[in-house]
Amino acid sequence: MTKEDDYLLQLNDQQRDAVVYNDGPQLVIAGAGSGKTRVLTYKIVHLLHHGYEPWRILALTFTNKAAKEMRERIQQMVGPAVASQLWMGTFHSIFARLLRFNADLIGFKSSFTIYDAADTKSLVKTILRDMELDDKVYKPATVIAAISNAKNALISPDMYIADSAQMSADERAKRPALGAIYRAYCARCRHAGAMDFDDLLYYTNVLLRDNPDIRRKYQEYFRYVLVDEYQDTNFAQHVIIRQLCEESKALCVVGDDAQSIYSFRGANISNILNLHKSFPALRTFKLEQNYRSTQNIINAANTLIAKNKEQIPKQVFSRNDVGSRIEVVQAYSDYEEAILVANKVSQMQMRSHDPYNEFAILYRTNSQSRRLEESLRNRNIPYRIYGGLSFYQRKEVKDIVAYMRLAVNPDDDEAFKRVINTPARGIGDTTVNRLIHTAMHCGVSMWNVATSLDCYDTGLKSAAIKKVTGFVELVQKFVGMITANASAYDVARSIVEDTRMLASLIHDNTPESISKQENILELLQGISEFVGERMEQSAQETTLVDFLANVSLSSDQDMSDSNGEAVTLMTVHAAKGLEFNNVIVVGVEEELFPSAMSCDTLRGIEEERRLLYVAITRARRHCVITYAASRYRNGQTAPTRPSRFIGDIDRGYLYISPGSEFSRSDSVINPLDNYRDSMGGRMADDRRRSFRHPLVDDEPARSNIHPVNLSSNPVGSSGGTQADGGTHDVADIKVGMRIEHSRFGVGTISAVTSNAPSPTITVAFNVVGEKKLLLKFARFTILDS
DNA sequence: TACTGCAGCATTTTT
DNA sequence: TGCTGCAGTA
Ligand SMILES: Nc1ncnc2c1ncn2[C@@H]1O[C@H](COP(=O)(O)OP(=O)(O)OP(=O)(O)O)[C@@H](O)[C@H]1O
């Protein structure tokens with residue numbers, strides 16, 4: 001081995017085999033943290049060392065951030081000049097580029113717009129209204145999912161409508177018009193010169209399928225294709241890969257079926273399982289050693305995932321430290337959970353001296369972040385939330401962006417609708433609806449109608465026509481600038497000035513207005529930075545079209561990372577592929593994790609279990625799982641039960657946190673009892689006695705464990721007392737009493753004021769601290785005096 | 001047409 | 001709880 005090959009020494013034998021193999025299609029299938037991404041990265045370096053031109057290597061990742069990190073890693077090994085020339089990115093961003101080069105072949109302009117989720121939804125709603133369909137029956141979300149599924153399965157509207165099985169299934173589901181909606185949706189996108197996310201994959205397939213010369217060109221051009229996270233690719237992506245590699249067979253994909261968590265997006269592990277059918281010479285490589293996590297974490301994760309029926313058996317082991325057990329923490333409420341988590345973070349931080357960016361708090365749904373955010377802020381712990389609404393989703397920013405979209409492609413109906421009356425220029429719903437209606441029925445864009453009002457029978461009055469014409473002229477100015485090759489920044493600045501969107505805010509000094517002004521300026525700043533960066537790199541793709549594509553394709557996930565030390569808050573989905581020294585998985589409860597939506601099928605449950613597997617295996621050294629006994633959801637607090645998945649993990653790898661804060665007597669009526677009654681269940685008294693945490697050995701009266709039931713069948717209790725203990729008269733209250741509150745947990749009464757019109761008590765709660773409660777409303781149980 | 005206020009309702013995950 | 005759609009008013 002020469003010095004050049006030093007990088008090969010940083011791999012184990014199995015990894016090295018996979019890296020140097022170059023005799024055909026290759027599948028690397030291995031568990032979490034076994035170095036799959038590392039293999040992909042090093043393989044690219046290996047290819048570069050062996051004479052492959054960087055611009056002829058195509059590497060597809062799951063997020064833009066992953067692509068960026070891989071490129072940086074490679075750059076360290078081969079230098080920026082080479083690394084910057086690699087084709088590296090998500091399927092969507094890479095193929096959007098490819099589609100722009102060849103747009104004419106599929107009947108689009110190279111400046112086509114990319115519709116985001118909001119545009120898609122708005123368009124679907126418009127179509128539903130036009131077709132006079134009830135949006136209670138045709139729920140936009142359902143319609144969008146149906147369209148997305150069809151595209152991901154490469155089913156065109158015509159195929160969909162011709163498929164009698166599909167159509168009769170829709171009929172049975174009382175949604176016979178889905179096919180027609182799909183057709184209308186695609187037609188509208190076409191007239192608008194727009195593609196949605198799924199279209200980027202769909203039309204790439206069409207492009208390659210219908211244009212043999214183009215297909216051959218790219219087959220030859222890309223000498224090697226590598227794909228990360230293959231378990232989460234869908235059929236459309238699979239077929240793209242097949243078309244690109246069917247001749248060269250120079251393909252390396254890596255994945256882990258146990259980490260397939262995007263089935264809602266059409267991801268399908270049969271892509272992995274059936275890869276050998278597309279590539280009979282496929283050779284499979286396995287990696288078994290986990291380098292990321294402690295033995296305890298890996299073993300715990302292994303016992304969890306072993307409960308799944310559908311999986312490829314595989315070995316994962318760790319030779320790192322044994323490490324500590326996964327800690328399971330119980331809280332009374334989501335509120336208390338958030339405080340416990342914040343405490344945990346600072347406790348672990350003090351013990352390990354890890355910087356805050358080595359901490360991640362992972363949750364199932366984005367809405368869980370708010371509570372955590374509050375408690376971290378109260379404790380002055382820096383954090384960064386991923387997901388949620390991004391900069392580009394704010395109203396004022398979207399408005400400016402809509403003008404930019406129109407400048408580049410005035411047929412973009414969604415942008416047109418958005419700003420035709422923004423800022424207000426007296427164009428009301430009636431006028432807009434007439435334009436929509438005319439455009440739909442003449443098969444043209446709203447812009448087409450608006451620019452030739454005399455050719456269409458819109459029924460608009462002259463006052464309305466005048467206003468619309470004013471808007472058209474405004475947009476035309478921007479379109480003209482684009483045609484004249486004005487720079488992205490100049491067009492954007494002109495938009496901000498001419499629409500007076502910034503000027504109209506300037507006299508308003510409310511915080512909201514100031515924030516809007518800042519956002520608009522930041523957008524301009526963002527454009528100039530974008531152009532600046534691109535100029536430095538290649539002086540290519542610096543137009544407004546490129547900026548807009550970047551906006552639609554780069555999500556919040558990809559935004560400026562590592563800006564300072566901060567705890568990461570994100571969904572488990574978003575954490576895929578990442579790693580942290582310390583991971584806290586919160587809200588591990590029935591109906592949340594697993595989600596209530598996934599509970600009716602085994603497939604659904606197994607995917608949720610994989611999701612928890614992903615969450616746990618993000619941790620290098622410490623992992624904590626928390627759940628609460630009640631949670632605030634949809635405007636009310638509901639009792640919750642711990643997730644069945646906790647019970648799936650071998651007890652030996654868990655530490656059920658006793659924590660004094662859980663001190664609570666067994667005689668107390670469980671807050672869940674009432675709920676269970678209302679569910680119609682009944683539980684015998686003796687049954688209730690064992691109503692303790694089943695993870696705890698069944699010894700009598702373990703008073704330090706919060707009595708929550710792990711079994712997933714909802715059982716009721718015969719408890720006659722009010723679940724939350726009800727309210728109390730001031731005469732029954734004494735300072736020094738210990739009480740239990742379903743939200744705040746256990747605490748001691750430190751003061752009583754009975755003089756005021758409404759008596760209050762002050763309680764020092766064990767976890768959440770001191771609270772003042774109005775006795776009239778406070779519901780709690782008296783534990784002892 | 002523009003703006004306000006209210007009632008009802010829904011909630012997974014994302015390129 | 002927070003958004004969306006709708007009705008009512010200026
Ligand atoms: N041979 C090795 N020597 C040292 N560290 C390694 C080796 N292989 C992998 N690692 C480290 O193990 C960690 C996990 O690697 P990597 O992210 O490539 O795994 P992965 O299989 O892609 O993980 P996952 O599927 O969980 O996302 C990384 O920190 C990586 O640097």
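Chain identifiers are assigned alphabetically (A, B, ...) following the order of the sequence lines, protein sequences preceding nucleic acid strands; residue numbering begins at 1 within each chain.
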### Query
When you check the gap from the basic side-chain N to the acidic O, do A/Glu607 and A/Arg610 get nearer than 4.0 Å?
yes

Does [N] have its OP1 or OP2 closer than 4.0 Å to a side-chain nitrogen or oxygen of [X]?
X: A/Ser367; N: B/dT12; answer: no
X: A/Asn64; N: B/dT15; answer: no
X: A/Arg370; N: C/dG2; answer: yes

### Task
For A/Tyr386 and B/dT13, give me the distance from atom OH to atom P, rounded to whole Å.
18 Å

### Message
Which residue in the set A/Lys417, A/Arg405, A/Arg418 passes side-chain hydrogen bond (donor to acceptor under 3.5 Å, both in side chains) when paired with A/Asp412?
### Response
A/Arg405

All N/O pairs under 3.5 Å across the protein-nucleotides 3-5 of chain C interface:
residue: C/dG5; atom: OP1; partner: A/Lys125; partner atom: NZ; Å: 2.4

### Query
Got A/Arg603 and A/Glu310 here, is their nearest side-chain heavy-atom distance under 4.5 Å?
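Yes - at least one pair of side-chain heavy atoms lies under 4.5 Å apart.
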
#### Entry: Partner residues of A/Ser367 under the side-chain hydrogen bond (donor to acceptor under 3.5 Å, both in side chains) criterion, sequence neighbours left out
A/Thr365

### Message
For A/His741 and A/Tyr335, I'd like to know if the aromatic rings sit close, meaning centre-to-centre distance below 6.0 Å.
### Response
no

### Query
Is the gap between the ring centers of A/Tyr627 and A/Phe645 under 6.0 Å?
no

Could I get a table of every N or O pair under 3.5 Å where one atom is in the protein and the other is in nucleotides 4-9 of chain B?
none

Could you check whether [X] gets within reach of a base, just the sugar-phosphate, or nothing at all, counting any heavy atom under 4.0 Å?
X: A/Arg633; answer: nothing
X: A/Asn421; answer: sugar-phosphate
X: A/Gly635; answer: base

### Those residues of residues 260-270 of chain A lying under 4.0 Å from DNA chain B by at least one heavy atom
A/Tyr262, A/Phe264, A/Arg265

### Task
Mind listing the residues from residues 86-97 of chain A sitting with a heavy atom below 4.0 Å of DNA chain B? Number order is fine.
A/Thr90, A/His92

### Query
In dot-bracket notation, what is the pairing pattern of DNA chain B, taking Watson-Crick (N1-N3 plus N6-O4 or O6-N4) and G-U wobble (N1-O2 and O6-N3) contacts under 3.5 Å, with [ ] crossing and | for other strands?
|||||||||......

### Message
Heavy-atom nearest nucleotide on DNA chain B for A/Thr431 versus A/Ser598: which residue maps closer to 5'?
### Response
A/Thr431

### Message
Both A/Gly428 and A/Leu611 contact DNA chain B. Which one's nearest nucleotide lies toward the 5' end?
### Response
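Looking at DNA chain B, the more 5' nearest nucleotide goes with A/Gly428.
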
